[in-house]
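To keep things clear, I will list the structure first and then write my remarks on it.
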Amino acid sequence: MLFLYVKKYVVIFAVCLSVFGIPISDTRTLIPEQQTEVTGSDSACSGDVFSFPTGANATVGEAQLSMHGLSYCLMDGGNGRVLREKEMTKPLANASTTKILTCILALERRTDNQVVAASQRAACQPKVRLGMKEGEQFYVEDLLYAMMLESENDCAVAIAEAIGGTVEQFAFEMNEKAKEIGCRDTYFITPNGLDQEDTNGAHHTTAEDLCRIMKYCAFESPCAEEFRKIAATKEYSFCDLEGTKFQSLNKNSFLFEHEGIIAGKTGYTSDAGYCYVFAYEKDNTKLCGVTLGAGWPPNKSFKWEDAAVLLDYGCNQCVPYPIVLPEPPVAICENVWKEDTSWKEYGKDIKVDTYFDSQETTIIPLVKEGEKIIKEFDLQQEKFQEIEENQVLGEYRIIIEEEEIFSCKIRAKETTRSWDFPTFFRKLFDLKSFSEKINKMDGFT
């Protein structure tokens with residue numbers, strides 16, 4: 001009886017050696033993840049050239065916009081792509097447009113029903129001011145409305161001291177936040193935007209950076225909804241803790257004259273001139289626009305004219321272009337097995353399903369006539385070996401005019417392992433039909 005069992009397994013072993021050529025000494029170890037960037041055949045690209053749909057208004061084209069600002073920027077609020085600009089990286093004073101960053105930082109860091117007592121420094125701020133007196137107590141939330149609607153300078157300082165402890169510390173936190181958002185040349189000294197200079201330079205930003213700040217405030221921050229609520233309020237009444245009444249009226253007339261404007265902030269100092277930043281959202285179109293140095297007195301209307309030109313361009317020269325994310329690619333692996341692999345697949349390439357690590361299913365960038373849109377898969381290797389579930393295998397990208405506007409990682413859905421002799425036999429004996437055939441061989445029945 002013992003002889004028959006030994007004979008049976010010797011025959012199985014011989015079959016494997018002759019048919020599959022499996023070496024007995026096959027002791028493959030784990031293969032580390034390959035990180036080499038591979039291009040060419042490993043990238044799958046598709047490209048479109050956008051044309052306006054019939055009936056779309058495409059009249060201005062890329063002709064120079066009629067603008068007053070020394071610098072301006074129009075940005076896609078969905079992905080941060082710049083749609084039109086002039087001197088957008090030039091550092092300039094930006095006056096009270098600074099207060100949008102003061103507002104969002106305070107919203108993100110305040111405590112519920114936080115109270116602040118006005119300091120002497122806050123009470124001594126120049127116009128525009130609420131007129132708070134030293135020691136007077138307010139809810140921080142009420143001061144945020146007064147700062148955003150009426151542009152009260154004393155409110156901005158009181159808020160900064162409530163959140164940061166000191167104006168200097170709050171300014172440091174503002175600059176750190178600006179870097180986190182993606183600003184490249186922003187340096188704020190005051191929370192209200194008044195002209196000031198220290199050993200590191202003058203209070204300034206750029207049109208591009210200010211667009212990115214508004215994009216964060218209006219669309220990305222966890223407090224974006226509350227920011228938009230404050231910025232869009234027409235009038236707001238409140239009291240200090242002793243019952244003295246105050247009222248703030250929104251000075252952002254552009255908000256109420258143009259449908260779709262959801263937030264905005266004006267600014268003026270002798271260094272900055274008239275400035276304006278706005279956010280717009282309607283019909284799958286998100287825009288952020290900035291004009292800096294848009295004239296000096298008596299040309300107060302120049303900032304509104306600039307904003308109207310930018311808004312018109314964004315709405316009429318840029319069209320939402322929905323891009324549905326495709327099915328993720330299948331990764332090819334060699335000399336490996338996975339849980340559902342048959343012994344018959346030894347030595348063959350196997351397919352591993354992947355997924356995108358993005359919650360987005362549709363991307364809607366704004367595009368202009370004649371712009372080239374590229375959608376590409378870029379796998380790190382043509383063929384993989386051992387991979388882990390959730391391992392990054394590559395990237396999917398959407399590129400418009402050589403600028404990446406969306407990307408997400410391609411990750412493995414399954415784990416694979418290298419073939420070895422014990423694994424092959426384990427899978428071989430899992431196949432009942434094969435075992436039955438072996439049992440029917442001569443001498444076993």
Side-chain angles (χ1 to χ4, degrees), residues 60-77 79-102 151 174-175 178-179 181-190 192-197 200-218 252 254 258 261 263-280 286-315 317-318 366 368 401 403:
V60 177
E62 292 304 301
Q64 183 65 42
L65 298 181
S66 177
M67 298 281 288
H68 303 289
L70 298 176
S71 171
Y72 65 80
C73 180
L74 181 67
M75 182 175 287
D76 185 333
N79 56 57
R81 188 170 79 102
V82 174
L83 303 171
R84 285 304 297 268
E85 60 90 14
K86 172 190 171 185
E87 301 282 359
M88 71 174 184
T89 60
K90 183 177 182 179
L92 293 169
N94 63 301
S96 287
T97 58
T98 301
K99 290 168 182 166
I100 65 171
L101 185 56
T102 300
S151 204
M174 290 177 75
N175 291 324
K179 293 174 186 175
I181 291 169
C183 296
R184 299 172 185 172
D185 192 357
T186 291
Y187 180 61
F188 289 158
I189 302 172
T190 65
N192 49 28
L194 293 176
D195 298 328
Q196 195 166 319
E197 191 169 349
N200 293 318
H203 184 104
H204 72 272
T205 188
T206 67
E208 181 185 23
D209 279 2
L210 193 53
C211 266
R212 295 202 183 282
I213 293 171
M214 177 56 92
K215 174 174 171 282
Y216 176 80
C217 292
N252 178 15
F254 200 73
H258 297 270
I261 297 296
K265 186 71 193 74
T266 58
Y268 174 80
T269 65
S270 58
D271 285 354
Y274 292 111
C275 306
Y276 186 57
V277 55
F278 69 86
Y280 169 93
K286 293 180 180 179
L287 296 169
C288 294
V290 168
T291 180
L292 298 177
W296 276 256
N299 300 307
K300 197 171 184 178
S301 66
F302 280 5
K303 64 181 179 292
W304 305 129
E305 295 173 15
D306 280 6
V309 171
L310 291 175
L311 181 60
D312 179 73
Y313 183 89
C315 292
Q317 302 302 313
C318 306
L366 299 175
K368 297 180 284 184
E401 292 296 300
E403 182 177 348

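- Checking side-chain atoms of Asp306 against main-chain N and O of His68 turns up a donor-acceptor pair under 3.5 Å.
- Between Ile181 atom CD1 and Ile213 atom CD1 the span is 5.5 Å, to the nearest 0.5 Å.
- Ring pair Tyr268/Tyr274 is tilted by interplanar angle, where 30° to 60° counts as tilted.
- Formation of a donor-acceptor pair under 3.5 Å by the Asn252 side chain with backbone atoms of Lys265 is not found in this model.
- Annotation: the span from Met214 atom CE to Cys73 atom SG amounts to 12.5 Å, rounded to 0.5 Å.
- Formation of a donor-acceptor pair under 3.5 Å by the Lys368 side chain with backbone atoms of Leu83 is found in this model.
- No side-chain heavy atom of Glu85 sits less than 4.5 Å from a side-chain heavy atom of Met75.
- Judged purely by atom type and a 3.5 angstrom limit, Thr190 uses its side chain to pair as donor or acceptor with the backbone of Leu194.
- Side-chain atoms of Trp296 come within 3.5 Å of backbone atoms of Ser270 as a donor-acceptor pair (strictly under, hydrogens ignored).
- Scanning both residues, Ala178 and Leu101, for their nearest heavy atoms gives CB-CD2, 4.4 Å.
- Looking only at distances, a side-chain donor or acceptor of Asp195 sits under 3.5 Å from a matching main-chain atom of Asp271.
- Side-chain atoms of Lys303 come within 3.5 Å of backbone N or O of Lys300 as a donor-acceptor pair.
- A heavy-atom distance below 4.5 Å is found between the side chains of Leu65 and Tyr72.
- A donor-acceptor distance shorter than 3.5 angstrom exists from the side chain of His203 to the backbone of Ile189, with no hydrogens or angles considered.
- The minimum heavy-atom distance between Ile100 and Cys217, with the atom names listed, is O-SG, 3.5 Å.
- Heavy-atom minimum distance, Glu208 versus Val82: OE2-CG2, 4.3 Å.
- Smallest separation of non-hydrogen atoms from Cys288 and Cys211: O-SG, 3.5 Å.
- With rounding to the nearest 0.5 angstrom, the CD atom of Glu305 is 10.5 Å from the CE atom of Met67.
- The two residues Gly69 and Thr291 have their closest heavy-atom pair at CA-OG1, 3.5 Å.
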For this session: Would you please test Asp209 and Thr186 for side chain to side chain donor-acceptor pair (under 3.5 Å) and show each step?
Result: CA-CA 7 Å; Asp209 279 2; Thr186 291; 2.8 Å; yes
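- Between Thr89 and Asp185 the shortest side-chain heavy-atom distance does not fall below 4.5 Å.
- Atom CG of Asp312 and atom NE2 of His258 lie 10.0 Å apart (nearest 0.5 Å).
- Nearest heavy-atom pair, Gly267 versus Ala95, reported as atom, atom and distance to 0.1 Å: C-CB, 3.7 Å.
- Between Tyr187 and His204, the two ring planes are tilted [angle within 30° to 60°].
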For this session: Would you sort out whether Phe188 and Asn94 count as a side chain to side chain contact (heavy atoms under 4.5 Å, CB included), showing the intermediate values?
Result: CA-CA 10 Å; Phe188 289 158; Asn94 63 301; 3.6 Å; yes
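- Leu92 CG to Thr205 OG1: the interatomic distance, rounded to the nearest 0.5 Å, is 9.0 Å.
- At least one donor-acceptor pair under 3.5 Å links the side chain of Arg81 to the backbone N or O of Leu366.
- To the nearest 0.5 Å, atoms CG (Leu74) and SG (Cys318) are separated by 6.5 Å.
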